Every structure is written in C-alpha cells, then in structure tokens.
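Since this is a predicted model, take the numbers as computed values, not measurements.
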Amino acid sequence: MLEILEQHHGCNEIHIAEDFKQNGTGRIWIGGVGNLVRVDSPKYCGNIYLEVMGGANVEIGAHCVFHGQSIHILAPGHLRIGLGCGFNGHSIIQMHEAAVIDIGKNCLFGGDTMVSTSHVHKILDRETGERLNPPGDVHIGEHVWVSAGASVWCGARIGADSIVGKGTYVSRSFPPNSLIAGNPARVIREGVTWEF
C-alpha cells in the first residue's frame with residue numbers, strides 16, 4: 001500500500017493518480033510548503049520512497065515502472081521524469097541543493113544507479129574560499145539506458161538514444177547516440193541506439 005504523508009496540509013499542490021495510490025507500495029513524504037507534486041498513473045510501482053521538501057516541483061509521467069527507488073528532493077528545484085521510464089532494482093535520485101533534474105521519456109535505469117545534482121559536502125579552495133564542486137543541473141535525453149551501478153552527477157547532459165555503461169561516472173555533456181563508459185566517462189562508440 002502507498003502511504004502519503006503531508007506535513008503542512010493545504011500549503012502544497014499535490015496531484016497523485018488514484019491507481020498509483022491504490023496499487024503502488026511505498027511512501028510519499030511532502031514536507032515544507034510551496035511544493036508542486038504531480039504523479040501520473042504508473043505501469044508498476046513497488047516500494048518507492050519519494051521525499052519532497054519546500055519549494056520543489058516534481059513531475060512524474062505516466063506508465064513508469066518503479067521497483068525500489070529512493071527519490072529525495074530536499075531543495076527548491078525541479079524534477080521531471082518522463083513518460084514510460086523504467087527503474088529496475090534499488091536506485092537513488094537526489095537533490096540537496098537547488099537545481100534541475102530532467103529525465104526524458106522512455107529511459108531505463110539499472111539497479112544501484114544514482115542521479116545527483118551535487119556532492120552535498122562542499123570542497124573549497126583553502127586560500128580563496130571558492131567552492132570547487134558547485135551543484136549543477138542534470139539532463140538525460142529521451143530513450144537513454146543507464147546501466148547498473150552507473151552514476152550521473154551535476155553538470156551531466158546525456159543525449160538521446162545513448163547508453164551509459166555499467167559503473168560509469170558521468171558529469172559532463174555527451175552527444176546523442178553515444179555508448180558512454182569508463183571513469184572518467186568517455187564515448188566508446190558513436191552512432192548507436194538500443195531496444196527494450
């Protein structure tokens with residue numbers, strides 16, 4: 001059963017599809033005020049945890065598959081998960097500082113993947129105090145496959161129809177139809193696509 005908890009009733013705009021409420025399992029926690037949360041009808045939802053805190057905008061499209069996801073939007077920002085995305089096994093999406101996470105439609109995420117807009121803890125230049133690891137947006141194009149164990153970090157922009165290899169760390173831009181792998185991530189092959 002899906003449990004929905006709201007800290008400040010009436011101070012947020014929440015639209016969750018009825019079949020998601022009735023057939024999904026897990027917990028949705030809305031804290032703070034000024035949140036806009038829209039969750040459309042999933043294809044399947046097993047054990048999701050969605051936490052939204054203060055001034056966030058969360059949009060989850062229809063026909064998605066969730067199976068053990070932890071989504072933490074703890075800062076004013078925007079999360080969009082497009083139509084028909086699939087999340088297999090435990091994975092994490094997190095936003096600890098204001099930013100945007102935009103995931104296009106029909107994407108696939110393997111188990112133990114992570115999407116994050118910051119490293120949470122600040123790394124500073126000792127002399128100047130300049131932050132060396134600022135937060136940043138994450139953009140994942142349509143029909144992208146993020147393989148098991150891969151992580152997508154602030155500053156990442158992955159073009160449509162791309163594949164991110166197992167265990168890859170992505171934190172910069174890559175063109176569409178790329179096979180991306182390694183640490184640091186690089187294009188292994190261009191002109192590819194993939195099928196479900």
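- Summarising the geometry of Asn57 relative to Glu59, their closest heavy-atom pair is OD1-CG, 3.7 Å, with the distance given to 0.1 Å.
- Judged by distance alone, the side chain of Asn183 and the main-chain N or O of Tyr169 form a donor-acceptor pair under 3.5 Å.
- Counting only heavy atoms from C-beta outward, the side chains of Cys154 and His119 approach each other to under 4.5 Å.
- Under the side-chain hydrogen bond (donor to acceptor under 3.5 Å, both in side chains) criterion, Tyr49 pairs with no residue, sequence neighbours left out.
- Atom OG1 of Thr25 is separated from atom CE of Met1 by 11.5 Å, given to the nearest 0.5 angstrom.
- A single hydrophobic cluster is seen to contain both Leu5 and Met53, as judged by linkage of ILVMFWY side chains at heavy-atom distances under 4.5 Å, directly or through other members.
- At least one donor-acceptor pair under 3.5 Å links the side chain of Asn12 to the backbone N or O of Gly34.
- Contact detail for Pro175 and Val187: the closest heavy-atom pair is CD-CG2, 4.4 Å.
- Each of Thr168, Val144, Ile140 was evaluated against Val152; a single residue qualifies, Ile140, per the side chain to side chain contact (heavy atoms under 4.5 Å, CB included) test.
- Inter-residue side-chain proximity for Val100 and Arg80 is flagged as unmet; no heavy-atom pair is nearer than 4.5 Å.
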For this session: Apply the test side-chain contact (heavy atoms from CB on, under 4.5 Å) to residues Met95 and His78: give CA-CA distance (whole Å), side-chain angles for both, the deciding distance (0.1 Å), then the verdict.
Result: CA-CA 9 Å; Met95 183 185 302; His78 186 107; 5.8 Å; no
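- Side chain of Asn35 to backbone of Gly55: a donor-acceptor contact under 3.5 angstrom is found.
- Applying the 6.0 Å contact sphere to CD of Glu190 captures no more than 12 heavy atoms from other residues, nucleotides or ligands.
- Summarising the local packing, NE2 of His63 is surrounded by 12 or fewer heavy atoms from other residues, nucleotides or ligands at distances under 6.0 Å.
- When all heavy atoms are compared, the tightest approach of Ser70 to His90 is OG-NE2, 3.6 Å.
- Here CH2 of Trp145 is found 11.0 Å from OG1 of Thr193. Values are rounded to the nearest 0.5 Å.
- The ring-ring contact (aromatic ring centres under 6.0 Å, His included) pairs that include a residue from residues 14-37 number zero, where partners must be two or more places apart or lie in different chains.
- Within the model, atoms CG of Leu179 and CZ of Arg186 stand 10.0 Å from one another, a figure rounded to the nearest 0.5 Å.
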For this session: Could you go through the side-chain hydrogen bond (donor to acceptor under 3.5 Å, both in side chains) check for His143 and Asp161 one step at a time?
Result: CA-CA 5 Å; His143 194 245; Asp161 296 303; 2.7 Å; yes
Exercise. Are Ile48 and Phe87 close enough, and set up right, to give a side-chain contact (heavy atoms from CB on, under 4.5 Å), and what steps lead you there?
Worked result: CA-CA 10 Å; Ile48 188 172; Phe87 296 84; over 6 Å; no
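- Of the residues listed (Val146, Ile158, Val192, Ile188), the one engaging Ile180 in a side chain to side chain contact (heavy atoms under 4.5 Å, CB included) is Ile158, and it is the only one.
- Annotation: the span from Phe66 atom CZ to Ile60 atom CD1 amounts to 4.5 Å, rounded to 0.5 Å.
- Tracing side-chain contacts under 4.5 Å through hydrophobic residues (I, L, V, M, F, W, Y), one reaches Phe174 starting from Ile101; they form part of the same cluster.
- Closest non-hydrogen pair, Gly165 versus Ala150, comes out as O-CB, 3.7 Å.
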For this session: Please step through salt bridge (Lys or Arg N to Asp or Glu O under 4.0 Å) for the pair Glu51 and Arg27, ending with a clear verdict.
Result: CA-CA 8 Å; Glu51 180 180 15; Arg27 174 181 284 183; over 6 Å; no
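- Remark: Lys21 engages Ile4, Ile16, Glu18 in a side-chain contact (heavy atoms from CB on, under 4.5 Å) (not counting sequence neighbours).
- Listed for the Ser162 side chain is a donor-acceptor partner under 3.5 Å among the backbone atoms of Asn177.
- Rounded to the nearest 0.5 Å, atoms OG (Ser116) and NE2 (His96) are 7.0 Å apart.
- Considering Val52, Ile92, Ile93 as possible partners of Ile71, the one that fulfils the side chain to side chain contact (heavy atoms under 4.5 Å, CB included) test is Ile93.
- Under the 4.5 Å side-chain heavy-atom criterion for Ile, Leu, Val, Met, Phe, Trp and Tyr, Ile14 and Leu2 are members of the same hydrophobic cluster.
- Counting all heavy atoms, side chain and backbone alike, Ser147 lies closest to Ile163 at OG-CG2, 4.4 Å.
- Taking every heavy atom of both residues into account, Asp125 and Thr128 meet most closely at OD1-N, 2.9 Å.
- The OG atom of Ser178 lies 12.0 Å from the CZ atom of Arg189; values are rounded to the nearest 0.5 Å.
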